[in-house]
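A short write-up of the structure that comes next.
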Amino acid sequence: MKVRLIFVAALSAFVLPMSLSAQGIADLVNPDDIMLRKPQPDVAEQKAREEAAAKAAAEKAAAEQKAREEAAAKAAAEKEAAERKARDEAAAAERKAREDAEALARLREQVAAARKAREAAEAKAAADRQAADAAIEQAQKAERAKVAAERKAERLANPDPDERPQPPKKTKLEAPEQGADVTASDVKVIQPLRKPKKELTGRAAVITADRTDYDRKEGVILFDRNVYVDDEQYQMHADRLFVFLDGTNELKRIVALGNVAITNELKTAACGKAVYNRTAQRIVMYAENDTNLAMLCDAGTKKGEESEVKGKKITYWLDSGMATVEGVVVTLPGMKGGASPKDLFNAKPHKNPKADDGAGN
Amino acid sequence: MKKFISILAALAAFGVGAFESEKWLAERGDDSDVLRLRKAYADCTKKINEKLEAPAENVSIPIESFSNGTVKSRVTAARAHVFADSGYIWGEEIRVEQYREDGSVYASLTAENCIVDRKTKSGWVAGAAQMVYGDASVKGRGIYFSLEREFIKIFSQSEIRAGHSRLDVGGLVK
């Protein structure tokens, strides 16, 4: 305050004498008034302060606004990301569920189709068997009637019983001793030339396996693990199956390995390895080992006609129906369990005379 | 000596033409390319799901050609993502066709989805696929194929329907 008063006094002393007379100054300026007058506020400073305050407030508001906006944007981005993630997860789950459902449906269809096919095949096989049995029975009946008629005619033509022609005596086979299997090497056995009665529809063979490799350049197809061949004429199981094709992709050779089993209504074959050569029309079956021999079994046309051949190596010619067996064990029709070597040549198990001629050769 | 050399030459000539099962099985056992494609399939699927890009539709891409310029094999897909950097084609409702030189189709593969590597001309089908080759048809799940090596591996549920060139060993049990 003191400083201000001094400043005002000095100003008065300097400025006023220049414009006012001494009287005027005396009239106008009272030192007491000067002493009592309140100090005037500094306008520029005040304005600057206000401006600074306003600026600070504006900056603060802007910063707050910016922070709010950033927080809002971040929250929106996070929300969007979460929603997107949820969408993706939902889409993935939906896709997986759809795939699972489709896979299940496919599996069901396959199972149903397989069951239906098996049932149809069984029904057809049963019908075929019945038809074959009926046909055989009818043929036998006709044969018996024919023989009876011939005998009657003979009797009528020649009443003297001693001069009548006698029917050929049947060869009686004696049962071998228990466990007395017959073995020989390089024994030729003629298999009956029996054909299946059923008509073939020409349906495609279906081969299934766990894994398959096809090499077109080499012409090799490998079916691996749980191999099953379902052909119209036969079914085959094996652990592994090689199919070799020639240059024109025609079948050349098949090699089945491990637990090989080939079967149909009339025959069954089992071995450790089987090799089929198409050109030679020949199948060679090898024993798994010394105890598990290769086996070819004929079910016969009726009960009691089963025959079985076992050996270390069985070669079967498809065109002639002839088989060569090495390291052989043979069971003749109706004699499952073994027979003597002599019986191989004495027995006439089949009516087909051609078969007997072949045995002689 | 001369006779011995001629026998050796004959044996060597036979060996060249004969099928070497051990070598073949060893090569068949090498699944490194299969594993590479399976990984690529998973990576591509992940990328597609992350980007959520719309696939190209009704795509047809030739893979290899004959020397005269005609297409030897082609990939067509209802929807496909083409990865230009890696050369992979990831397709849905895909069909891979192989042609003869006269332009006729001799083999085709159809699958729900599949990845094809244009560089190695090989592919992997994770799900189910069906192939038709002549009058034979092949089905399976998890299928690897190499167009260049003419090799197919079916890893699960393989089923082949043979046509006229059937496995006629049925004579054994006729």
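Because only heavy atoms are used, hydrogens play no part in the values below, and waters and symmetry mates are left out as well, while side chains stay in. Order of the sequence lines sets the chain letters (A, B, ...), proteins ahead of strands, with each chain counted from 1. Please read all numbers here as calculations on a predicted model, not as lab measurements.
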Side chain / backbone / both / neither for [X] at chain B, heavy atoms under 4.5 Å:
X	answer
A/Asp230	neither
A/Arg106	side chain
A/Arg87	neither

Classify the side-chain pair A/Arg282/A/Thr315 by whether it contains a donor and acceptor separated by less than 3.5 Å. no
Chain B shares the most heavy-atom pairs under 4.5 Å, among A/Asn226, A/Thr208, A/Asp215, with A/Asp215
If you count heavy-atom pairs under 4.5 Å between each of A/Ile221, A/Asp88, A/Leu222, A/Leu245 and chain B, which one has the most? A/Leu222
B/Glu50 portion near chain A, given a 4.5 angstrom heavy-atom threshold: backbone
Which bit of B/Tyr133 is near chain A, if near means a heavy-atom gap under 4.5 Å: side chain, backbone, both or neither? side chain
Of the listed B/Gln157, B/Lys153, B/Arg141, the one with the largest count of heavy-atom pairs under 4.5 Å with chain A is B/Lys153
Side chain proximity check, A/Val260 to A/Met285, heavy atoms < 4.5 angstrom: no
Quiz item: cation-pi between A/Arg253 and A/Phe244, 6.0 Å / 45°: yes
Is A/Asp100 paired with A/Lys96 through a side-chain N to carboxylate O contact shorter than 4.0 Å? yes
Does any N or O in the side chain of B/Glu150 come within less than 3.5 Å of the main-chain N or O of B/Leu147, such that one atom is a donor and the other an acceptor? no
Step by step, would you call B/Thr110 with B/Gln130 a side chain to side chain donor-acceptor pair (under 3.5 Å)? CA-CA 5 Å; B/Thr110 49; B/Gln130 185 164 10; 5.1 Å; no
